[in-house]
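Per chain, numbering begins at 1; letters A, B, ... match sequence-line order.
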There are 2 protein chains.
Amino acid sequence: MRSRSNPLALAVLALLFEGPMHPYELATTMRERHKEESIKLNYGTLYSVMQSLDKRGLVRVKEVVREGRRPERTIYEITEAGRVEMIDWLSSLIATPAQEFTDFEAGLSLIGVLEPEIVLRLLEERLMRLTQQVQGQEAMYESALKDGLARLLLIEMEYVITLRRAELAWLRELVGQLRDGTLEGLELWREWHRESGETP
Amino acid sequence: MRSRSNPLALAVLALLFEGPMHPYELATTMRERHKEESIKLNYGTLYSVMQSLDKRGLVRVKEVVREGRRPERTIYEITEAGRVEMIDWLSSLIATPAQEFTDFEAGLSLIGVLEPEIVLRLLEERLMRLTQQVQGQEAMYESALKDGLARLLLIEMEYVITLRRAELAWLRELVGQLRDGTLEGLELWREWHRESGETP
DNA sequence: CCGTACATACTCGAAGTCGAGTATTCGACC
DNA sequence: GGTCGAATACTCGACTTCGAGTATGTACGG
């Protein structure tokens with residue numbers, strides 16, 4: 001189902017579930033609630049997503065209003081079919097672990113082409129930056145909790161922080177083994193580079 | 001840099017770094033080496049990625065050959081600019097932790113619209129399936145190691161397994177708290193649904 | 001020796017995604 | 001009181017991504 005590829009459409013349905021809105025308002029609401037940290041938001045995409053949802057009968061135009069000389073605002077509302085699709089889509093996202101492609105994983109799968117010394121340097125850099133980042137995220141999370149925000153509304157942050165901490169621990173070990181030369185196959189890796197380096 | 005959005009292009013450069021190939025061969029090589037588990041591979045996309053890399057001068061057509069009456073094979077080779085771009089891109093993927101958007105995180109950020117009981121059921125289902133999946137991945141990883149594959153070549157699997165195990169542990173705790181009602185803000189969540197359920 | 005299923009190799013149009021651009025209004029500060 | 005930047009609200013065209021479609025070649029069973 002290609003129609004379920006962009007989670008932005010799901011976020012739109014979930015927000016319209018609460019009441020009618022125009023696209024720009026959807027965008028600002030997502031920002032306010034920090035959804036744009038979990039769901040990629042782009043204006044151009046938002047507007048074509050709205051059109052596509054409309055065409056598929058999941059939302060409909062409620063009214064087009066204009067205040068003074070500002071651009072028109074097209075206010076959308078969710079349809080019954082939209083409510084069903086939203087629940088169904090969201091449920092499958094939660095219940096079924098899917099193949100998630102991340103850039104770092106892609107990068108990792110190709111590091112063989114770099115020399116071990118370079119890779120060590122790059123991983124050390126990541127370790128430093130990631131440590132910083134996680135500290136920042138944790139501070140944000142804590143302060144949001146103290147501000148009285150329900151944990152439920154921060155659950156995705158909790159998830160991200162958990163994963164990032166796991167990545168940190170793993171990275172630290174890998175860097176350690178790379179640094180003191182105890183990584184299995186390190187010698188083969190070096191050799192492979194010596195060979196291919198001679199015949200470019 | 002929009003040109004660096006699809007890691008498939010990076011994989012192409014990395015493979016051509018080893019020697020000239022035609023697109024179909026690139027695809028089968030990626031499959032053989034299990035890269036398609038880390039990098040989304042799609043034929044249509046592959047061919048347009050090749051064209052785009054060509055236009056940008058990062059690869060060039062080496063020759064076009066035809067055996068018998070089969071379709072022509074366009075063999076590409078990497079250029080010097082391509083080698084530079086590959087190293088640069090790969091280095092930044094490794095060294096700089098970026099915002100990664102996953103479907104599950106998107107879903108999590110929206111679960112407030114579902115009722116707690118439903119969410120519990122969905123998370124339990126995920127827990128079951130994820131447990132299965134991780135077991136399968138670990139078995140694959142172990143058997144690959146026993147087959148003598150260097151750990152370096154399996155590093156991305158190791159990473160994925162580590163993250164998934166962390167997700168499992170987190171999920172287990174969350175499900176537990178949801179089940180025995182100790183999740184903070186559970187009552188508020190229920191109340192919010194009671195209210196909005198009355199005025200649809 | 002015939003069918004048929006799989007492998008080889010690429011093409012195409014529809015749909016989706018991006019980010020920069022446009023045009024107005026509002027607020028604040030010097 | 002003028003101007004400069006931020007906010008409001010959307011549009012546009014270039015580019016990317018998708019997945020199904022095409023057409024030939026090969027292996028293998030009955």
- Divergence of helical axes at both termini of the helix from C:dC1-D:dG30 to C:dC30-D:dG1 - five pairs an end, 10° steps: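 Inter-axis angle at the ends, rounded: 20°.
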Considering just the side-chain nitrogens and oxygens of [X], establish if one lies under 4.0 Å of OP1 or OP2 belonging to [N].
{"X": "A:Tyr24", "N": "D:dC10", "result": "no"}
{"X": "A:Tyr47", "N": "D:dT11", "result": "no"}
{"X": "B:Asn42", "N": "D:dT17", "result": "no"}
{"X": "B:Lys55", "N": "D:dC15", "result": "no"}
{"X": "A:His22", "N": "D:dT8", "result": "no"}
{"X": "A:Thr45", "N": "C:dC18", "result": "yes"}
{"X": "B:Asn6", "N": "D:dT16", "result": "no"}

Looking at [X] and [Y], does any basic side-chain N land under 4.0 Å from a carboxylate oxygen?
{"X": "B:Arg73", "Y": "B:Glu67", "value": "yes"}
{"X": "B:Asp88", "Y": "B:Arg4", "value": "yes"}
{"X": "B:Arg33", "Y": "B:Glu18", "value": "yes"}
{"X": "A:Arg151", "Y": "B:Glu184", "value": "yes"}

- Reckon B:Glu25 touches a base, only the sugar-phosphate, or nothing at all at heavy-atom distances under 4.0 Å?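 No contact at all - B:Glu25 keeps every heavy atom at 4.0 Å or more from the nucleic acid.
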- Item | Closest-nucleotide 5' rank along DNA chain C - winner of A:Gly44 and B:Pro71 |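 Looking at the nearest nucleotide for each, B:Pro71 comes out on the 5' side.
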- Message: So for B:Arg2 and C:dT17, does any side-chain atom that can act as donor or acceptor lie under 3.5 Å from a complementary atom in the base?
- Response: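 It does, because a donor-acceptor pair links the side chain of B:Arg2 to the base of C:dT17 below 3.5 Å.
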- Message: Quick check on the hydrophobic clustering: are A:Phe104 and A:Val175 connected, directly or via other members, by side-chain heavy-atom contacts under 4.5 Å?
- Response: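 They do share one cluster, since a chain of ILVMFWY contacts under 4.5 Å joins A:Phe104 to A:Val175.
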- Message: Listing request: all salt bridge (charged side-chain N to carboxylate O under 4.0 Å, His left out) pairs with a residue in residues 104-115 of chain B, at least two apart in sequence or in separate chains.
- Response: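 Residue pairs passing salt bridge (charged side-chain N to carboxylate O under 4.0 Å, His left out), neighbours aside: none found.
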- Message: Nearest to the B:Ser48 side chain among D:dT17, D:dC18, D:dC10, which nucleotide is it?
- Response: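 Looking only at heavy atoms from C-beta outward on B:Ser48, the closest nucleotide is D:dT17.
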